[in-house]
Amino acid sequence: MVYDVRSRSLDAIPTLRPRAPWPGAEHQTGIHALQINPSRTLLATGARNSCELAIYSLPTLDPVCVGEAHKDWILDMCWLDDEFLVTGSRDSRLALWRAPPSPLARPGPAAHQHYVAPVAVRECRAGQKVRALTFNAKWREIAALTLNGYIHVFSAHSFRQTLSRKLPSCQDLVCLATQESGIYAIGCKSYTLLLDCRTLQSVKKITSRYNGCGIRSASFRGDMLTIGTGLGLLMFYDLRAGKYLESNIHSSKIVTLKASRGYVFPDEEADGFNQGKYVPAIYTHCYDDSGTRIFTAGGPLPAPLVGNYAGLWQ
């Protein structure tokens, strides 16, 4: 879905269909990631089959290609530059892709997408199910987070695994972010773990003010770490001050942005669902170029519930 904040119009962009016979409903779990390349000319996301990559041209959103390689759902992806992209999947593999020219730069119908194979595929040694990816531009490395509690590092030049580390007593690992100065942030069930990019050793454990909230998204903007939670709250941690951003110098109350209800449809058989206490989890967020607006999006955490949430903060 594409929402124009100026005209307030909403457009549905068709997902790109697989070339092979339809593998079944177990391979369709929706879109788990969406990334734009640095020059903002290409958008990468999931295809109709959740195991496949889809790339569109911008700003027209014409289809460019469908990438076929993974045997399980693609859960995250990151651009290395304007051409090269890495995907991570529940099949415990990373795939390196080179985007073909956009439809405007090649002959043929603009609405016809190509089917492409990856440049390379790598098994994530010691890793089970790649959950999150981030590109460390300073060190030219790709960091991958796997659901069995490991972080792995791959060289962007050779696309080979160079380092892995078992994380200390981390539960519910779902998000990973990198800071230019050399810090990785990993979201856990009740805290955010900061690691040194060079050694993968722990630098700091940022405990959440809300127990068991579940860190669902994280991003850096300079020395400010922004944290999205499963409680519908966005929090801000100042790395230089070593504390959460507070409302004023005379109060210890931290600054939070609270998500609105969004849309939710409870399954009639969902036991214990309290309509009055529902809040959506913030699965993703990002700043605009000016740093004055934040986009947040998410939806229900409980599996029986169906819904979504999106908000724009200024």
Side-chain angles (χ1 to χ4, degrees), residues 32-33 75-78 86 88 90 92 94 124-139 141-154 161-246 254-256 281-287 296 298 301:
H32 298 276
L75 294 182
D76 205 0
M77 57 188 65
C78 61
V86 175
R90 287 207 335 163
S92 304
L94 271 64
C124 200
R125 295 194 308 272
Q128 296 174 8
K129 301 180 179 179
V130 178
R131 180 60 182 83
L133 293 177
T134 186
F135 176 51
N136 186 333
K138 180 178 181 180
W139 302 101
E141 292 176 338
I142 304 143
L145 192 65
T146 52
L147 289 179
N148 62 333
Y150 278 81
I151 183 171
H152 316 269
V153 175
F154 289 75
Q161 192 168 344
T162 59
L163 194 61
S164 288
R165 179 172 180 250
K166 176 70 173 176
L167 297 170
S169 63
C170 292
Q171 294 179 314
D172 209 7
L173 303 170
V174 297
C175 62
L176 174 66
T178 182
Q179 188 197 35
E180 292 180 358
S181 63
I183 296 290
Y184 288 130
I186 296 172
C188 306
K189 186 175 182 179
S190 57
Y191 60 88
T192 306
L193 185 66
L194 301 184
L195 302 181
D196 187 311
C197 291
R198 295 165 296 179
T199 64
L200 299 186
Q201 295 300 310
S202 176
V203 174
K204 190 176 185 63
K205 181 191 290 187
I206 304 172
T207 305
S208 173
R209 292 287 186 92
Y210 305 91
N211 291 332
C213 66
I215 308 302
R216 297 288 156 179
S217 56
S219 70
F220 287 101
R221 187 169 182 86
D223 291 310
M224 188 65 69
L225 171 64
T226 305
I227 300 167
T229 73
L231 299 178
L233 297 174
L234 203 64
M235 303 183 296
F236 305 87
Y237 188 86
D238 188 330
L239 295 177
R240 288 179 298 181
K243 62 181 181 178
Y244 286 102
L245 195 64
E246 297 174 350
I254 67 171
V255 174
T256 59
I282 298 178
Y283 285 106
T284 186
H285 68 265
C286 64
Y287 288 83
T296 55
L301 274 178

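Quick note: residue numbers are just sequence positions, from 1. Computed from a predicted structure; not experimentally measured.
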Please round to the nearest 0.5 Å and tell me the distance separating atom [atom1] of [X] and atom [atom2] of [Y].
{"X": "Ile151", "Y": "Ser164", "atom1": "CD1", "atom2": "OG", "result": "9.0 Å"}
{"X": "Ile183", "Y": "Arg198", "atom1": "CD1", "atom2": "CZ", "result": "8.5 Å"}
{"X": "Asn136", "Y": "Gln179", "atom1": "CG", "atom2": "CD", "result": "10.0 Å"}
{"X": "Tyr244", "Y": "Thr207", "atom1": "OH", "atom2": "OG1", "result": "7.0 Å"}
{"X": "Arg216", "Y": "Leu231", "atom1": "CZ", "atom2": "CG", "result": "10.0 Å"}
{"X": "Asp223", "Y": "Glu180", "atom1": "CG", "atom2": "CD", "result": "10.5 Å"}

Say whether, by atom type as modelled, one donor and one acceptor occur between the side chain of [X] and the main chain of [Y] under 3.5 angstrom.
{"X": "Thr162", "Y": "Val153", "result": "yes"}
{"X": "Asp76", "Y": "Val130", "result": "no"}
{"X": "Thr134", "Y": "Leu176", "result": "no"}
{"X": "Thr192", "Y": "Ile186", "result": "no"}

Would you call [X] and [Y] a side-chain contact if the rule is heavy atoms closer than 4.5 Å?
{"X": "Val174", "Y": "Tyr283", "answer": "no"}
{"X": "Tyr184", "Y": "Leu200", "answer": "yes"}
{"X": "Pro168", "Y": "Leu193", "answer": "yes"}

query: Could you walk me through whether Thr256 and Tyr210 pass the side-chain contact (heavy atoms from CB on, under 4.5 Å) check?
result: CA-CA 12 Å; Thr256 59; Tyr210 305 91; 4.0 Å; yes
message: Among residues at least two apart in sequence or on other chains, which ones pass side chain to side chain contact (heavy atoms under 4.5 Å, CB included) with Ser219?
response: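 Checked Ser219 against side chain to side chain contact (heavy atoms under 4.5 Å, CB included); matches are Thr226, His285, Tyr287.
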Measure across [X] and [Y] and return the closest heavy-atom pair with its distance rounded to 0.1 Å.
{"X": "Phe236", "Y": "Val255", "result": "CD1-O, 3.8 Å"}
{"X": "Gln161", "Y": "Arg125", "result": "OE1-N, 2.9 Å"}
{"X": "Ile142", "Y": "Leu94", "result": "CG2-CD2, 4.3 Å"}
{"X": "Leu173", "Y": "Thr146", "result": "CD1-O, 4.0 Å"}
{"X": "Gly230", "Y": "Ala281", "result": "CA-CB, 3.7 Å"}
{"X": "Ala144", "Y": "Leu133", "result": "CB-CD2, 3.5 Å"}

message: Can you tell me if Lys166 has over 12 outside heavy atoms packed within less than 6.0 Å of its NZ?
response: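 Above 12, so yes.
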- prompt: Would the number of heavy atoms belonging to other residues, nucleotides or ligands and lying under 6.0 Å from CZ of Arg221 be above 12?
  reply: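 Atom CZ in Arg221 is packed in, count exceeds 12.
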- prompt: Can the ring centres of His152 and Phe154 be said to be less than 6.0 Å apart?
  reply: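 Centroid distance His152-Phe154: not below 6.0 Å, so no.
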- request: Given side-chain contact (heavy atoms from CB on, under 4.5 Å), test Phe220 with Leu225 step by step and report yes or no.
  value: CA-CA 5 Å; Phe220 287 101; Leu225 171 64; 3.9 Å; yes
field: Trace of the side-chain contact (heavy atoms from CB on, under 4.5 Å) decision for Met235 with Ser208
entry: CA-CA 9 Å; Met235 303 183 296; Ser208 173; 3.8 Å; yes
message: I'd like to know whether Arg165 forms a side-chain contact (heavy atoms from CB on, under 4.5 Å) with Gln201, so could you lay out the CA-CA distance, the side-chain angles of the two residues, the decisive distance to 0.1 Å, and finally the verdict.
response: CA-CA 9 Å; Arg165 179 172 180 250; Gln201 295 300 310; 3.8 Å; yes
